[in-house]
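Right, one structure below, let's go through it.
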Amino acid sequence: MAALAFYLFSTLLLASAAAVIFSRNSVHSVLFLIFTFFNAAALFILLGAEFLAMLLLIVYVGAVAVLFLFVVMMLDVRPEERREVPFKTKMRTSLIAFFELGKIFTVFAIFSLAGIFLLYAVQQTWPALLQDLWKQYTLLAAILLLSYAFSRKIYSKSLLGAVFDFAKTLPLSAFLGIVLMIEMIFLAFGWRHMTFSETFVQAPIPPEDLVPNTQALGRLIYTEYVYLFQGAGLILLVAMIGAILLTHRRREGVKRQDISRQIARRKEETITLVKAPIGRGIE
Amino acid sequence: MDIGLTHYLVVSALLFSMGLFGLFRGRRHVMMLLMALELLLLSVNLNLVAFSAYLGDLVGQLFTLFILTVAAAEAAIGLAILVVFHRNRGTIAVTDISEMKG
């Protein structure tokens with residue numbers, strides 16, 4: 001049951017995040033961002049961080065995303081115009097380049113693996129032949145070079161050239177994004193939990209039925225991390241002052257108080273004694 | 001299937017790369033840049049809260065709280081800059097701005 005909830009919310013999260021990026025209309029992007037935050041809040045609740053989930057809804061959705069919407073509406077951002085190259089053509093060239101790369105790499109991989117298998121068989125039957133490490137490494141290098149030369153003979157394009165051809169069909173950002181995503185997924189599947197990390201826990205989570213999450217966080221924030229908490233408040237204050245100062249406009253014709261001028265008033269400027277001639281008054 | 005920490009980490013990684021991709025797309029539309037920044041910060045928050053839940057340490061959630069604060073402040077200032085920029089230039093297409101290019 002929890003697995004179903006996790007898969008549902010995470011799929012919706014990733015789908016709406018993709019919709020934020022790929023949406024043509026800015027207003028749609030912001031609305032999909034709001035939906036992303038809702039799904040992230042649901043995932044937070046699944047992890048037991050309910051205070052943070054509600055905070056995400058109140059602060060991120062209720063304030064930041066609404067601010068985004070204000071600015072998008074105010075600035076009247078135009079929807080993205082159509083590109084010159086239609087998407088289908090781009091997909092086709094990208095797919096062709098990918099298959100070219102795949103063919104070269106497959107031939108290279110097959111011959112390399114066959115050579116390595118042969119090397120392994122030789123080592124099993126005659127262990128004395130390949131005892132030294134340098135012999136193994138040179139033979140491995142020779143196998144790789146031979147298979148590369150063979151694949152090069154079949155396909156006249158080099159492996160590096162094929163990679164560059166494929167990369168040229170994609171925008172650089174998508175290529176970098178895909179590489180980074182693959183790296184991070186490797187990282188996500190390969191990390192190891194430190195066996196003695198229980199002693200490094202700085203603030204153990206109390207059991208949920210005894211202390212609710214909000215209370216447990218409150219016990220931390222106002223005691224051990226109070227300086228950080230006040231610092232966060234200062235950051236918010238600075239942000240508020242900065243935003244007001246940036247966007248404040250001076251309007252003409254508005255009557256204002258000039259406090260320093262009022263305070264710097266001297267007695268000589270306030271009252272003047274004038275002798276008024278009788279019948280004529282003063283000008 | 002039991003949902004382990006790795007599942008949350010993979011979701012966070014995918015969200016991060018999507019935010020990164022949007023960051024590159026933001027050269028054309030500045031609103032996309034700010035929204036991609038929010039996605040990046042959200043992925044980091046998810047990562048921190050997942051670790052906090054699975055290691056039993058509340059400091060992860062505390063750190064997320066502060067990241068949330070800073071993200072809100074930064075979004076506010078970024079939008080204020082955008083508004084003033086639009087007021088002065090009439091456009092927010094970043095590719096039209098090239099005064100600082102040498």
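Every chain is numbered from 1 and lettered A, B, ... according to where its sequence line falls, protein lines coming before strand lines. What you see is a predicted model, and the numbers here were worked out from it, not measured in a lab.
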So, for [X] and [Y], which heavy atoms are closest and what is the spacing to 0.1 Å?
X: A:Ala239; Y: B:Ile77; value: O-CD1, 3.5 Å
X: A:Ile205; Y: B:Ser52; value: CD1-O, 3.5 Å
X: B:Ser17; Y: A:Met184; value: N-CE, 4.4 Å
X: B:Leu15; Y: A:Ala17; value: CD1-CB, 3.5 Å
X: B:Met35; Y: A:Ser26; value: CE-O, 4.4 Å

query = Is it the backbone or the side chain of B:Leu23 that comes under 4.5 Å from a heavy atom of chain A, or both, or neither?
reply =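 Looking at B:Leu23, nothing touches chain A.
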
task = Please look at B:Phe63 and chain A and tell me whether the side chain, the backbone, both or neither of the residue comes under 4.5 angstrom of a heavy atom of that chain.
result =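 B:Phe63 has no heavy atom closer than 4.5 Å to chain A.
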
So, do [X] and [Y] sit near enough that their side-chain heavy atoms are less than 4.5 Å apart?
X: A:Leu46; Y: B:Tyr8; value: yes
X: B:Leu14; Y: A:Ser10; value: no
X: A:Phe22; Y: B:Phe21; value: yes
X: B:Leu42; Y: A:Leu56; value: yes
X: B:Glu38; Y: A:Phe37; value: yes
X: A:Tyr7; Y: B:His7; value: yes
X: A:Arg249; Y: B:Arg87; value: yes
X: A:Leu217; Y: B:Leu65; value: no

key: Top of A:Leu33, A:Val179, A:Ile235 for chain B proximity - count of heavy-atom pairs under 4.5 angstrom   =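 Winner by heavy-atom pair count: A:Leu33.
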
task = Could you check which of A:Leu13, A:Leu236, A:Thr11, A:Leu14 has the highest count of heavy-atom pairs closer than 4.5 Å to chain B?
result =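 Looking at each option in turn, the highest pair count goes to A:Leu14.
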
Could you look at [X] and say if it's the side chain, the backbone, both or neither that has a heavy atom under 4.5 Å from chain B?
X: A:Val59; value: side chain
X: A:Phe6; value: side chain
X: A:Leu228; value: both
X: A:Phe51; value: side chain
X: A:Ile244; value: neither
X: A:Ala63; value: neither

request  = Report the C-alpha distance between B:Tyr54 and A:Leu47 in whole Å, list the side-chain angles of each, state the deciding distance to 0.1 Å, and finish with yes or no for side chain to side chain contact (heavy atoms under 4.5 Å, CB included).
outcome  = CA-CA 8 Å; B:Tyr54 278 93; A:Leu47 284 167; 3.9 Å; yes

request  = With side chain to side chain contact (heavy atoms under 4.5 Å, CB included) as the test, would you mind laying out the steps for B:Asn45 and A:Tyr60 before giving the verdict?
outcome  = CA-CA 12 Å; B:Asn45 286 344; A:Tyr60 257 148; 4.2 Å; yes

query = What do you reckon, is CZ of A:Arg256 surrounded by more than 12 foreign heavy atoms closer than 6.0 Å?
reply =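 Yes, enclosed.
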
